[in-house]
*Asks:* 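Shown below is the structure under consideration.
Note that ligands are numbered from 1 as they come in the structure, with each ligand's atoms numbered from 1 the same way.
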Amino acid sequence: MNTTPATEPLTMAVPKGRLLDQTIEFFESCGLSFSFEKRSLVAHETSGLLKLILVKNSDLPVYVKHGIAGMGISGEDTLYESGTEFYQLYTFNFGATHMCLCCREDYDPSMDQRQLAVATKFTRFARDYFHGQGIPVEIIRLGGSVELAPVLGLAPYIVDLVETGSTLRANKLKVTKTLAEIQVRLICNPAYYKLHFDRINAFITRLQGITTLEMPKNE
Ligand code: PRP
């Protein structure tokens, strides 16, 4: 457990992928700016409030669980797959996506077997979803480029995140069903929150202030 003294910056893990630019842009709108050293995986907020640790998306819950980073920014998809409970302190107004069941544009559902074959990175989510619906399912775990599975005949269906839909279109796939909305959360290690709750709450109030300013006016 990282017991950061009060004078040290709060630590936060941020995923290196597509959420990083949106996260930095959002923090800048809150008046926070960061110095990035070339190729470094750590960034410091210039007033000393925050230290960002840039990690692989799927590893982020591990860093927060072990207190290496006290807080983290993560999609609900990654949090669910980790199977770990965190304090969820804030929902960001960027990065929302959908978890979808998809197949080839020309797939005929009358070809479905009794047991649905589904390729996915999100095995926990997919298993729980289909079991919850009482649908027999074979889950085929993949690490990425999941869209290839229906194209190459590994499985007729995939469960994957769809944001703009451009990856599906490029592979001649379509959404069969939207299974869940996925939002981006600020999570916190519970022990870290107990140690730093006053500073963390002040930080969240700052984020909420920005969100309030961006709310459309009711005229
Ligand atoms: C995600 C997801 C899709 C793609 C969807 O992958 O798994 O492949 O984004 O986005 P779109 O609807 O805007 O095209 P990601 O880029 O996170 O990387 P990965 O394929 O390596 O998991």
Side-chain angles (χ1 to χ4, degrees), residues 12-27 36 39 41 43 52-65 69 71-84 86 88 90-107 109 116-133 135 137-187:
M12 182 183 291
V14 180
K16 279 188 287 179
R18 66 174 80 192
L19 280 181
L20 180 60
D21 288 347
Q22 294 175 79
T23 300
I24 298 300
E25 198 177 311
F26 177 80
F27 282 158
F36 282 89
R39 299 188 70 81
L41 297 177
L52 301 185
I53 302 165
L54 278 50
V55 301
K56 186 176 156 74
N57 187 28
S58 56
D59 292 339
L60 191 144
V62 178
Y63 283 97
V64 179
K65 176 182 176 180
M71 296 183 284
I73 295 180
S74 177
E76 292 170 299
D77 52 313
T78 305
L79 298 177
Y80 193 80
E81 293 305 310
S82 78
T84 306
F86 298 101
Q88 299 202 14
Y90 185 74
T91 303
F92 291 97
N93 62 0
F94 60 79
T97 55
H98 291 93
M99 189 70 82
C100 297
L101 180 68
C102 310
C103 65
R104 282 168 51 154
E105 284 171 356
D106 60 0
Y107 182 71
L116 221 55
V118 175
T120 187
K121 286 185 294 189
F122 305 102
T123 51
R124 184 171 191 240
F125 174 89
R127 186 169 292 112
D128 288 354
Y129 179 85
F130 289 107
H131 286 177
Q133 303 283 313
I135 298 171
V137 66
E138 178 196 5
I139 305 288
I140 301 171
R141 182 192 294 271
L142 289 176
S145 304
V146 173
E147 293 81 5
L148 280 176
V151 175
L152 300 179
L154 178 65
Y157 291 101
I158 59 173
V159 165
D160 203 10
L161 292 176
V162 178
E163 192 172 358
T164 63
S166 59
T167 310
L168 289 185
R169 282 191 292 278
N171 290 285
K172 296 192 166 41
L173 303 179
K174 65 179 179 186
V175 172
T176 305
K177 191 170 186 198
T178 299
L179 309 182
E181 186 183 8
I182 302 294
Q183 295 193 301
V184 178
R185 308 273 199 193
L186 175 64
I187 60 166

*Asks:* Relative to ligand 1, is Thr164 under 4.0 angstrom through side chain, backbone, both or neither, heavy atoms considered?
*Replies:*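 It is both backbone and side chain that touch ligand 1.
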*Asks:* Quick check on contacts: which atoms of ligand 1 are under 4.0 angstrom from a heavy atom of Ser166?
*Replies:*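 Close to Ser166: 12 (O), 14 (O).
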*Asks:* Is there side-chain contact between Lys174 and Cys103, with heavy atoms separated by less than 4.5 Å?
*Replies:*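 Counting from C-beta outward, Lys174 and Cys103 do come under 4.5 Å.
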*Asks:* Please work out which of Glu163, Lys121, Met99, Arg18 has its closest non-hydrogen atom nearest to atom 4 (C) of ligand 1.
*Replies:*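 Minimum heavy-atom distance to atom 4 (C) of ligand 1 goes to Arg18.
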*Asks:* Please confirm whether Tyr80 and Phe122 have ring centers closer than 6.0 angstrom.
*Replies:*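 That pair fails the under 6.0 Å test.
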*Asks:* Using a strict 4.0 Å cut-off to heavy atoms of Glu147, name the atoms of ligand 1 that fall inside it.
*Replies:*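 The list of qualifying atoms is 3 (C), 8 (O).
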*Asks:* May I ask whether Val146 places a heavy atom under 4.0 Å from ligand 1?
*Replies:*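 Val146: no contact with ligand 1 (<4.0 Å).
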*Asks:* Are there over 12 heavy-atom neighbours, none belonging to Arg124, within less than 6.0 Å of that residue's CZ?
*Replies:*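 More than 12 within 6.0 Å, yes.
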*Asks:* For ligand 1, which atoms have a heavy atom of Asp160 less than 4.0 angstrom away?
*Replies:*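 The atoms of ligand 1 under 4.0 Å from a heavy atom of Asp160 are 2 (C), 3 (C), 7 (O), 8 (O).
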*Asks:* Is the shortest heavy-atom distance from the side chain of Val184 to the side chain of Ile73 under 4.5 Å?
*Replies:*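 Side-chain contact under 4.5 Å: yes.
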*Asks:* How far is atom 5 (C) of ligand 1 from its nearest protein heavy atom, and which residue and atom name does that atom have?
*Replies:*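 Going by distance alone, atom 5 (C) of ligand 1 is nearest to Leu161 O, 3.4 Å.
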*Asks:* Heavy atoms only: which of Ala170, Gly165, Cys102 is nearest to atom 12 (O) of ligand 1?
*Replies:*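 Result: the heavy atom closest to atom 12 (O) of ligand 1 is in Gly165.
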*Asks:* Just say parallel, tilted or perpendicular for the rings of Tyr90 and Phe26, cut-offs at 30° and 60°.
*Replies:*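 Plane angle between 30° and 60°, so tilted.
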*Asks:* Report, as yes or no, whether the 6.0 Å neighbourhood of atom OH on Tyr63 holds more than 12 heavy atoms from other residues, nucleotides or ligands.
*Replies:*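 Atom OH in Tyr63 is not packed in, count stays at 12 or less.
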*Asks:* Which atom pair, heavy atoms only, marks the closest approach of Val151 to Asn171?
*Replies:*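 It is CG2-O, 3.7 Å.
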*Asks:* Among all protein heavy atoms in this structure, tell me which lies nearest to atom 20 (O) of ligand 1, with the distance rounded to 0.1 Å.
*Replies:*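 It is Ser145 N, 3.9 Å.
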*Asks:* Give the residue, atom name and distance (to 0.1 Å) of the protein heavy atom nearest atom 14 (O) of ligand 1.
*Replies:*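 Residue, atom and distance for the closest contact: Thr167 OG1, 2.4 Å.
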